[in-house]
Q: 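Got a structure for you, written out below as structure tokens; questions coming shortly.
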Number of protein chains: 2
Amino acid sequence: MEITLPTAPTGANADQPAPGQSRYGWLAASLRARITQGEWVPGTALPAEALLAKEHGVALGTLRQALALLVADGLLERQHGRGTFVRAGLGGASMLRFFRFRHGGELQAAPRSRILTRQVLLASAEAAEALGLPAGASVLRLQRLRSLDGQPVLLEDITLPLPLFDPLSASDTAAWDDLLYPMYQRVCGVTIHRAEDCLSFGLLSADQAALLKLDAGHPCAQVQRRAFDMGGRCVELRSTLGDAFAFQYTAQVR
Amino acid sequence: MEITLPTAPTGANADQPAPGQSRYGWLAASLRARITQGEWVPGTALPAEALLAKEHGVALGTLRQALALLVADGLLERQHGRGTFVRAGLGGASMLRFFRFRHGGELQAAPRSRILTRQVLLASAEAAEALGLPAGASVLRLQRLRSLDGQPVLLEDITLPLPLFDPLSASDTAAWDDLLYPMYQRVCGVTIHRAEDCLSFGLLSADQAALLKLDAGHPCAQVQRRAFDMGGRCVELRSTLGDAFAFQYTAQVR
DNA sequence: CAGTGGTCTAGACCACCGC
DNA sequence: CGGTGGTCTAGACCACTGG
């Protein structure tokens, strides 16, 4: 679902919605800002409806409308009788949703990952544009191979904006987790909340084919991802290649 | 968005929601049934909120919750100051969303269509299952070639349940519209409201390649679609093949 | 202008959860 | 049991649309 939230309350904090701005829309933006800034960590519960409503001097129904926006946006999750919780980010195994790698027919656990290369370099014009970086900014570039049961299946090229992901440019890559998104959160405080995946088909280059143990020119599926944090900033560019014959994806139309 | 509506009111009509059933959920199901049965044709406006609320002896807010469900489901569309309208079904050009066929770089109009074959035959076990037909039921099978600017680009195989689509088994296929979904609506009274597309990759057979003017064994993208009417019944199975290198699709994650 | 949907209120009562 | 979110009410007022 596409949701455009009203602009967040400016600076310190305005205690009033802008004119022409609905109260619940403004409230949602306000709560979103507090979540993004870490006031409530993913997994924790917000104060009860009644409390929040009284705090903001607003009727229950109005507060509920604000929460509904954030729920629709995937930022919050409500549980009857328990509370309203900040959702955890994306798990990181989501790339498998595009492929049907199996082991004898059974569904597979998350693949093992190995970092092949790690470089610090200047962002290309396109990368800077997508990541919202100034011209000439540095990025961290990773090449990663993901294997299932010892067989290489996915080849990834990852670009990360650099002041933000500094902690990753020094640590020992051999000790990294198999899943990057939970590690982004733990090590860099970045929660991946949403992503856009662009799918297409191509042919493997000789280098790529060698790493995936396929023939050069073998058909491959490519997933180009832009991943966003809870504030809506793009914080990761990723290109993933895999055997086209293993590709499968289901989409809902309308 | 995935929404499970409560079961529709049984038979004639119960004037009360079942126990353990929310009033607005029941109301939504009731309105959905009236829309599906053609009481309000796509494009027409429903009675005003206040009227509907009074008719059903319910508060405004409750009625609005019911309408919100149907809006989220894509069945209704609300326009501030104008009214609440029944949405038209899918247009039928939706297959192009998976491919980037261009003519010199410009976006293209809907492709021209030609029916290659039309047969009435017994439904396979899988087709009968998917379409909710009894064993031994008949289906209409179409093979269709869609062309852009004279170039064949998509090859389709379409299966339709037969009592429902009888009007299509007799008429002259040369006079058919380029887009099938609007014709389903006009000729058979069937409104396509939603579809599930399963994407995969393969190689063209010699026959398929000849029709698409490509080489045998050329990589192709396949879209297997199940299309549903406003009542949620599956009423069309479709398999579409196109050049894999023209394929491109963008998906939202979370 | 009259009619439509959109926002907001201040309550009441219910259903679910965990202790 | 007390606390949570879920449902429902009966209003008031605003914002948009069209004649």
Side-chain angles (χ1 to χ4, degrees), chain A residues 3-7 9 15-31 35 40 43-87, chain B residues 3-7 9 15-31 35 40 43-87:
Chain A
I3 298 224
T4 304
L5 286 175
T7 55
D15 272 14
Q16 290 215 358
Q21 164 96 262
S22 72
R23 214 171 177 96
Y24 73 83
W26 179 85
L27 242 179
S30 168
L31 292 171
I35 294 169
W40 297 297
T44 64
L46 263 59
E49 292 181 329
L51 276 180
L52 281 175
K54 195 188 291 182
E55 268 186 32
H56 293 85
V58 96
L60 249 181
T62 304
L63 182 98
R64 288 176 61 78
Q65 279 189 85
L67 294 183
L69 282 185
L70 299 180
V71 168
D73 200 35
L75 212 62
L76 294 179
E77 183 177 5
R78 313 198 72 178
Q79 289 177 241
H80 196 160
R82 304 226 315 124
T84 303
F85 300 84
V86 179
R87 286 191 44 165
Chain B
I3 297 224
T4 304
L5 287 174
T7 55
D15 272 14
Q16 291 215 356
Q21 163 98 265
S22 72
R23 212 167 175 101
Y24 73 83
W26 179 85
L27 241 179
S30 167
L31 292 172
I35 293 169
W40 297 298
T44 64
L46 264 59
E49 293 182 329
L51 276 181
L52 281 175
K54 194 188 291 183
E55 268 185 32
H56 294 84
V58 97
L60 248 180
T62 304
L63 182 98
R64 288 177 60 79
Q65 281 188 85
L67 293 184
L69 282 185
L70 299 180
V71 168
D73 201 34
L75 211 63
L76 293 180
E77 183 177 4
R78 312 198 71 179
Q79 288 177 241
H80 195 160
R82 304 226 313 126
T84 303
F85 299 83
V86 179
R87 284 190 46 164

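Note that the structure is predicted; figures quoted are calculated from it, not measured.
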Q: Side chain of A:Q65 only, heavy atoms from C-beta on: which candidate in D:dT9, C:dT7, D:dG6 is closest?
A: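 Among D:dT9, C:dT7, D:dG6, the one nearest the side chain of A:Q65 is C:dT7.
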
Q: Side-chain N or O of A:R82 less than 4.0 angstrom from OP1 or OP2 on D:dG3?
A: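 A:R82 to D:dG3 OP1/OP2: no side-chain N or O under 4.0 Å.
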
Q: Give a yes/no answer on whether the side chain of A:T84 brings an N or O atom under 4.0 Å of OP1 or OP2 in D:dT4.
A: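 Indeed not, no polar side-chain atom of A:T84 lies that close.
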
Q: Rounded to whole Å, how long is the line connecting atom CZ of A:R23 with atom P of C:dA10?
A: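 Roughly 10 Å, once rounded to whole Å.
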
Q: Any side-chain N or O of A:S22 less than 4.0 Å from the OP1 or OP2 oxygen of C:dG6?
A: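 No, outside the criterion.
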
Q: Using heavy atoms to find the nearest nucleotide of DNA chain C for A:G81 and B:L60 separately, return the residue whose nucleotide is more 5′.
A: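 In this pair, the answer is B:L60.
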
Q: Provide, to the nearest angstrom, the distance between the CD atom belonging to B:Q21 and the P atom belonging to C:dA15.
A: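 Distance check: B:Q21 CD to C:dA15 P gives 13 Å.
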
Q: Find the distance B:F85:CZ to D:dT17:P and express it as a whole number of Å.
A: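 B:F85 atom CZ is separated from D:dT17 atom P by 12 Å.
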
Q: What's the NZ-P distance between B:K54 and C:dG3, to the nearest Å?
A: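 Rounding to the nearest Å, NZ of B:K54 and P of C:dG3 are 13 Å apart.
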
Q: Between B:L52 (CG) and C:dT4 (C1'), how many Å, whole number?
A: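 To the nearest whole Å, that distance equals 12 Å.
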
Q: Between B:R64 and C:dG5, is there a side-chain N or O to OP1/OP2 distance below 4.0 Å?
A: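 Indeed not, no polar side-chain atom of B:R64 lies that close.
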
Q: Give the rounded distance in Å between these two atoms: CD of B:Q79 and C1' of D:dA15.
A: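 Whole-Å distance recorded here is 15 Å.
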
Q: Set out, in order, the CA-CA distance, both residues' side-chain angles and the distance that settles side-chain contact (heavy atoms from CB on, under 4.5 Å) for B:V86 and B:L75, then state yes or no.
A: CA-CA 6 Å; B:V86 179; B:L75 211 63; 5.7 Å; no

Q: How long is the line joining CG of B:L27 and P of D:dT7, in whole Å?
A: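 Distance, rounded to whole Å: 13 Å.
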
Q: Can you figure out which of C:dC16, D:dT9, D:dA15 approaches the side chain of A:H80 most closely?
A: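 Among the listed nucleotides, the one closest to the side chain of A:H80 is C:dC16.
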
Q: Might you work through the side-chain contact (heavy atoms from CB on, under 4.5 Å) test for B:W40 and B:L31, ending with a clear yes or no?
A: CA-CA 10 Å; B:W40 297 298; B:L31 292 172; 4.2 Å; yes

Q: Quick one: is C:dC8 close enough that its OP1 or OP2 comes under 4.0 Å of any side-chain N or O from A:Y24?
A: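 A:Y24 to C:dC8 OP1/OP2: no side-chain N or O under 4.0 Å.
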
Q: Between B:H56 and B:L52, does a side-chain contact (heavy atoms from CB on, under 4.5 Å) hold up when you go through it step by step?
A: CA-CA 6 Å; B:H56 294 84; B:L52 281 175; 4.1 Å; yes

Q: Does this structure show an ion pair linking B:E77 with B:R82, if we count only N-O contacts that are shorter than 4.0 Å?
A: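 B:R82 and B:E77: not salt-bridged.
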
Q: CZ of B:R78 versus P of D:dC16: gap in Å, rounded?
A: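 Answer to the nearest Å: 16 Å.
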
Q: Hey, which of these two, B:L46 or A:V58, hits DNA chain C nearer its 5' end, going by closest nucleotide?
A: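 Closest to the 5' end, via its nearest nucleotide, is B:L46.
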
Q: Answer yes or no: does a side-chain N or O of A:T62 lie under 4.0 Å from OP1 or OP2 of C:dT9?
A: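 So the side-chain polar atoms of A:T62 do come within 4.0 Å of the phosphate oxygens OP1 or OP2 of C:dT9, strictly under.
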
Q: To the nearest 0.5 angstrom, please state how far the CG atom of A:L51 sits from the CG atom of A:L63.
A: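 Answer rounded to 0.5 Å: 10.5 Å.
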
